[in-house]
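On a predicted model such as this, the values are computed, not experimentally measured, just so you know.
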Amino acid sequence: MKTDFTRRALRHLLGRQIDGRAVAKIAAYGLIDASRAEQYMLWCEVERLTARGCGRCEAMIRTGARRACSYEKVRRAFYTIEKIRRENEF
C-alpha cells in the first residue's frame with residue numbers, strides 16, 4: 001500500500017471494524033480508488049469541523065495541518081466530493 005495516510009483513508013471509508021489485512025488486500029486488487037478514499041476522508045474532516053461551528057476555509061486549513069497536507073489538496077478534495085454528492089442526489 002502506498003502510505004499510512006492511504007491506509008487510514010481506506011479504513012475510514014470501509015469502517016473501523018475491518019481488519020488491516022483486508023484493507024491491504026482490497027487495495028492491492030484495485031477494488032477501491034485510494035485517491036478517492038483520501039478525498040472522502042478529508043471531506044469528512046472538513047464537514048465535522050464545520051458542523052462544530054468552524055468556517056469552511058478555517059476548517060480546510062485545520063484539516064490540512066492535521067493531516068499534513070496542503071490547503072489546496074484539502075480544498076480540491078472537498079469540492080470534488082461535493083460535486084459527486086450533488087450529481088448523485090435523488
Which pair of non-hydrogen atoms, one from Leu42 and one from Cys69, has the smallest distance, and what is that distance? CD2-SG, 4.1 Å
What is the distance from atom CD of Gln39 to atom CD1 of Ile81, rounded to the nearest 0.5 Å? 5.0 Å
For the pair Met60 and Tyr79, evaluate side chain to side chain contact (heavy atoms under 4.5 Å, CB included) and give the outcome as yes or no after the intermediate values. CA-CA 11 Å; Met60 289 182 196; Tyr79 289 114; 3.8 Å; yes
Of all heavy-atom pairs between Glu45 and Thr63, which one has the smallest distance, and what is that distance? CG-OG1, 3.2 Å
Minimal non-hydrogen separation, Arg56 against Thr50, with atom names: CA-CG2, 3.8 Å
Answer yes or no: are there more than 12 heavy-atom neighbours, outside Tyr40 itself, under 6.0 Å from its atom OH? no
Check for me, please, whether Leu49 and Val46 land in the same ILVMFWY cluster - side-chain distances under 4.5 Å, paths through other members count. no
Residue pair Cys54 / Ala59: nearest heavy atoms and the distance that separates them: SG-N, 3.6 Å
For Arg67 and Lys73: C-alpha separation, side-chain torsions, deciding distance, then whether side chain to side chain contact (heavy atoms under 4.5 Å, CB included) applies. CA-CA 11 Å; Arg67 300 294 182 180; Lys73 180 176 182 173; over 6 Å; no
Report the residues that fulfil salt bridge (charged side-chain N to carboxylate O under 4.0 Å, His left out) with Arg85, sequence neighbours left out, ordered by chain and then residue number. Glu82
Test side chain to side chain contact (heavy atoms under 4.5 Å, CB included) applied to Glu38 and Met41, step by step: CA-CA 5 Å; Glu38 289 175 3; Met41 182 177 69; 5.5 Å; no
